[in-house]
Amino acid sequence: MGKSGAGKTSMRSIIFANFVARDTRRLGATMDVEQSHVRLLGNLVLNLWDCGAHDEFMKSYLTSQRAQIFRGVQVLIYVFDVESREWEKDLADFENTVAAMVENSKDANVFCLIHKMDLVNKDQRHQVFSQAINELRQRANTLNITYYATSIWDETLYQAWSAIVYSIIPNVKVLETHLERFCHICGAEEVILFERSTFLVISHTTPGNFNQLIPDNNRFEKVSNMIKQFKLSCLKNQAQFQNMEVRCNSLSAFVDIFTPNTYIMVVVSNPNIQPSATMNNIALARKHFE
Ligand code: GTP
């Protein structure tokens, strides 16, 4: 949900329908609610509702369609246009939505995305974001809300959506334990698991002190963004992206199809570990992770 033109359909199209950011300029306004079913990780089906936000639709969601829209929600994603000229109205709509959620789905995870951050000067982004979330916190009632600053033009979109998808994956802790063990067996510094079609980060493990050597907290989302772009370029040329190996100084990163629903990335720094050994370990682990 979120005001008309905030960017809801744009983000949905980039994450789930292989759009690139510039394609979203062609999108028209969403009429009423557009539902889509996205299959993630085999049996997990995401039932995504994109609520078009012209005034009369919003009014109807909060009145006649109230129970239909807000009952049984597992995750609410509320998108704010950071450049909105009607901020007070946006806050009022948000407050009404929060009331409907508390009434119908009080345990849902709520994510507020302060979106189109690319339109704000870099040195003002932190302040603008803090100010916005202060105002939203005052209206959050009892809901458990997580806030992200996002833009379709960089990896922040992947960061927010990876967190959203992570919040609905069952047994994710079990997956993490197995991934950690696999990382150890490979002698790797880091292992990251991506959902196959969206390239969202599902899980990762960095058991040693690699975090201190590469202190970039957004590196997973940057990889998601870059590989997704690369995958789309491959598709344009009617080629299928399957795997790649990237080397930089003493580091090697192997990206490969893993299970039917995931890609894996294994980062190795030990020069004594042969690339073929890592590729072989990935191949041998497939069955276990399926
Ligand atoms: P309704 O369907 O009317 O509810 O609107 P919506 O929230 O779905 O908005 P939509 O995704 O159609 O986006 C409206 C415009 O915002 C499009 O021209 C997008 O290209 C643009 N847009 C979306 N995200 C961003 C962003 O992060 N930065 C910038 N600069 N523009 C964006």
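Note that the structure is predicted; figures quoted are calculated from it, not measured. When a ligand or atom number is given, it counts from 1 through the structure's own listing order.
Close contacts between ligand 1 and Ser151 involve ligand atoms 27 (O) [criterion: under 4.0 Å to a heavy atom]. Listed by atom number, the atoms of ligand 1 under 4.0 Å from Thr24 heavy atoms are 17 (C), 18 (O), 19 (C), 20 (O). Residue Ala29 approaches ligand 1 through these ligand atoms, each under 4.0 Å from one of its heavy atoms: 2 (O), 3 (O). For ligand 1, the atoms sitting less than 4.0 Å from at least one non-hydrogen atom of Asp118 are 26 (C), 27 (O), 28 (N), 29 (C), 30 (N), numbered in the order shown with element in parentheses. Counting the atoms of ligand 1 from 1 in the order shown, those under 4.0 Å from a heavy atom of Leu119 are 30 (N). Close contacts of ligand 1 with Trp153, meaning ligand atoms under 4.0 Å from a residue heavy atom, involve 28 (N), 29 (C), 30 (N).
For Thr259 and Thr262, the side-chain atoms include at least one donor-acceptor pair closer than 3.5 Å. A side-chain donor-acceptor contact under 3.5 Å links Thr30 and Thr9.
Closest approach of Thr97 to Met1, counting heavy atoms only: CG2-SD, 3.8 Å.
The N/O atoms of His54, backbone and side chain alike, include none that comes under 3.5 Å of an N/O atom in ligand 1. Ligand 1 has no N or O atom lying under 3.5 Å from any N or O atom of Gly2, backbone or side chain.
Looking at Leu157 against ligand 1, nothing comes within 4.0 Å, counting heavy atoms. When heavy-atom distances to ligand 1 are checked against a 4.0 Å cut-off, His115 comes that close only through its side chain, counted from C-beta outward.
Among protein heavy atoms, atom 27 (O) of ligand 1 sits closest to Ile152 N, 2.8 Å. Shortest contact from atom 9 (O) of ligand 1 to any protein heavy atom: Gly7 N, 3.2 Å. With respect to atom 8 (O) of ligand 1, the closest heavy atom belonging to the protein is Thr9 OG1, 2.7 Å. The nearest heavy-atom contact from the protein to atom 5 (O) of ligand 1 is Gly5 N, 2.8 Å.
A salt bridge does not link Lys59 to Asp55: none of the charged nitrogens lies less than 4.0 Å from a carboxylate oxygen. Classification of Arg247 and Glu245 as a salt-bridged pair holds, one side-chain N sitting under 4.0 Å from a carboxylate O. The existence of a salt bridge linking Arg219 and Glu155 is excluded, since no basic side-chain nitrogen approaches an acidic carboxylate oxygen closer than 4.0 Å.
Nearest to atom 21 (C) of ligand 1 by heavy-atom distance, out of Lys8, Lys3, Arg25, Lys116, is Lys116. Nearest to atom 3 (O) of ligand 1 by heavy atom, out of Ser10, Ser4, Gly52, Ala6, is Ser4.
In the displayed structure, Lys222 atom NZ is contacted under 6.0 Å by more than 12 heavy atoms of other residues, nucleotides or ligands.
Paired with Phe194 under the rule ring pair (Phe, Tyr, Trp, His ring centres under 6.0 Å), one option of Phe220, Tyr166, Phe241, Phe199 passes, and it is Phe199.
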ask   = Can Phe129 and Tyr147 be said to form a ring-ring contact (aromatic ring centres under 6.0 Å, His included), step by step?
value = CA-CA 9 Å; Phe129 179 60; Tyr147 302 89; 7.3 Å; no
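Counting only heavy atoms from C-beta outward, the side chains of Phe182 and Ile282 approach each other to under 4.5 Å.
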